[in-house]
2 protein chains.
Amino acid sequence: MTEPCLIELDPSVPNAGGTLTDRLFDALQRAIVEGEMPQGSKISEPELARRYGVSRGSLREAIARLEACKLVERKPNLGARVVELSAEQLIEIFQLREALEGMAARLAATAMTEAEIDALGALLAQHGQQIEQEQGQAYFQKQGDLDFHFRIVQGSKNRQLIALLCEDLYHLLRMYRVQFGMRSKRCRQAFEEHQYLLNALRSRDPEMAELVMRQHVRSSRRNLEQALR
Amino acid sequence: MTEPCLIELDPSVPNAGGTLTDRLFDALQRAIVEGEMPQGSKISEPELARRYGVSRGSLREAIARLEACKLVERKPNLGARVVELSAEQLIEIFQLREALEGMAARLAATAMTEAEIDALGALLAQHGQQIEQEQGQAYFQKQGDLDFHFRIVQGSKNRQLIALLCEDLYHLLRMYRVQFGMRSKRCRQAFEEHQYLLNALRSRDPEMAELVMRQHVRSSRRNLEQALR
DNA sequence: GACGACTAAATTGTCGACACACCAAGGGTC
DNA sequence: GACCCTTGGTGTGTCGACAATTTAGTCGTC
């Protein structure tokens, strides 16, 4: 396991960005998502505490938060391990997304402001350009798609939905993208589906928005299921 | 605030049911849900630690878990407070439920075993009897409905869905039921809708199961929205 | 009388140390 | 030779104490 280095933890200004536990949580989350701490690897509290130069108490609180995000699994008296990603779990997550983002799209169709919809349109236009030029595909794969979905969830204005998707599931999903190297060839089709969705939002049609979003997520899932064999 | 007493924390057998933090979490969760700790009230770490006879470290870990369940809100250097329930948040939660339990019903239609469906039928028959005799209404209101939904979620066999609904949202929802005294007169109608759902499951019809469940949750929500004015 | 700065008390954040539980290696018995 | 018990070591669970930050109260000044 490559050293998740402790530099980010004691920058010149102490306590930059909240409490120590917060920064630890961010650092560990990044390390896990990026794969610096391999799946299923044991998390030794004394070792990590030494490595990051913090006490075990703060570290344990950070680990507790990671557990809430489903990024680590902890068993009493046995310690914590980084989660093991599996095809089954990924499918389950996409089923969740289909339900949640479908509802998000439905709500966004009436809750988004005109300005937000326009901004979404601008983002999509940008994506279109990048795809046209066959460049920036990497960006679209890695960030663009997530950005688009992110904004729709925000647009639902439902705080429960936002917290769930953008704070918990988001990172787990990102972990799959990074470690499974999920770069489907659906990029063009996904772009088209995004445009259909934008149209539904522009027409303020909740029913249609949910339908399109669910179909979109379901297509991604089917594509995945096929790629996983 | 009535004293959440520390008796449950040191029963004859030490460590009955996991780690100290686990038991603390359970006790606090119960105290919050039941309303022993009022909404919005500040959670003083030294005071609670003294009251329960535990160290602040263990207490803080328990509070961190409560935060993950959305039962308390914590701000850096300011401490934690019990969440404030609001009509808006309740509506948002029901929108979540509509999406999630709808998906759960869809999956359950193909994933539940015949035995599980039969057991669900037995449970429903029992509910029917209780309603017929005009007795046990309190039970149906408080537990029966939740039990029914609980089993369907379990029946989906989707672990993400199960964890989300049965471990996180469940308690928050129970808090609303207890503290808002939510006992709608929809009891008979809800029972009928439960039966429609059972039929859909028996026919192994995912589409219909999701439709009925969503309609069911949506009706509850509309009923609530009306009652809240 | 009201506003602002300073002081003191209380609370949160962080740490190091002790107690107990789990795990692996070694020795004894059948 | 295989199995069980013992025993040492590592790691987690829990605790009490120190440091930093917020808050409340007080005093002084305008």
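Within every chain, numbering begins at 1; the chains are lettered A, B, ... in the order of the sequence lines, protein sequences first and strands thereafter.
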Would you mind writing out the side-chain donor-acceptor pairs for residues 63-70 of chain A within the sub-3.5 Å range, not counting sequence neighbours?
residue : atom : partner : partner atom : Å
A:Arg65 : NH1  : A:Asp22 : OD1          : 2.7
A:Arg65 : NH2  : A:Asp22 : OD1          : 2.8

Which nucleotide in [options] has an atom nearest any side-chain atom of [X]:
X	options	result
A:Asn77	D:dT21, C:dA21, C:dT14	C:dA21
A:Val54	D:dG13, C:dC15, C:dT11	C:dC15
B:Lys42	C:dG13, D:dT14, C:dT12	C:dT12
A:Leu78	D:dT12, D:dG13, C:dC23	C:dC23

N/O donor-acceptor pair under 3.5 Å between B:Gln39 side chain and B:Leu85 backbone: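 Yes; judged by distance alone, with no hydrogens or angles, the pair exists.
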- prompt: When you check the phosphate oxygens OP1 and OP2 of C:dT14, does a side-chain N or O of A:Thr21 lie under 4.0 Å from one of them?
  reply: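 Yes, A:Thr21 has a side-chain N/O under 4.0 Å of OP1/OP2 on C:dT14.
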Without decimals, in angstroms, what is the distance between [X] [atom1] and [N] [atom2]?
X	N	atom1	atom2	value
A:Leu20	D:dA19	CG	P	17 Å
B:Glu45	C:dT11	CD	P	10 Å
B:Leu24	D:dT14	CG	P	9 Å
A:Leu48	D:dG11	CG	P	12 Å
A:Arg23	C:dG13	CZ	C1'	11 Å
A:Arg50	C:dG16	CZ	C1'	15 Å
B:Arg74	C:dT12	CZ	P	9 Å
B:Asp22	D:dT14	CG	P	8 Å

- prompt: Can you give the dot-bracket line for DNA chain D, using ( ) for pairs inside the strand, [ ] for pairs that cross earlier ones, | for pairs with another strand and . for unpaired bases, where Watson-Crick and G-U count if both distances are under 3.5 Å?
  reply: ||||||||||||||||||||||||||||||
[X] with [Y]: basic N within carboxylate O range, under 4.0 Å:
X	Y	value
A:Arg74	B:Glu61	yes
B:Lys157	B:Glu116	yes
B:Glu36	B:Arg30	yes
B:Glu98	B:Arg218	yes

- prompt: Atom OG in B:Ser44, atom CZ in B:Arg50: separation rounded to 0.5 Å?
  reply: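 Separation between the atoms: 7.0 Å.
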- request: Evaluate side chain to side chain donor-acceptor pair (under 3.5 Å) for B:Asp145 paired with B:His194, printing each intermediate quantity in order.
  value: CA-CA 9 Å; B:Asp145 184 61; B:His194 284 184; 3.1 Å; yes
message: Quick one, B:Arg214 with B:Glu101, criterion salt bridge (charged side-chain N to carboxylate O under 4.0 Å, His left out). Give me CA distance, side-chain angles, the key distance, then yes/no.
response: CA-CA 7 Å; B:Arg214 287 188 68 157; B:Glu101 299 202 25; over 6 Å; no
- prompt: By a strict heavy-atom criterion of less than 4.0 Å, which residues belonging to residues 56-68 of chain A are in contact with DNA chain C?
  reply: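 Those residues whose heavy atoms fall under 4.0 Å from DNA chain C, taken from residues 56-68 of chain A in numerical order, are A:Arg56, A:Ser58.
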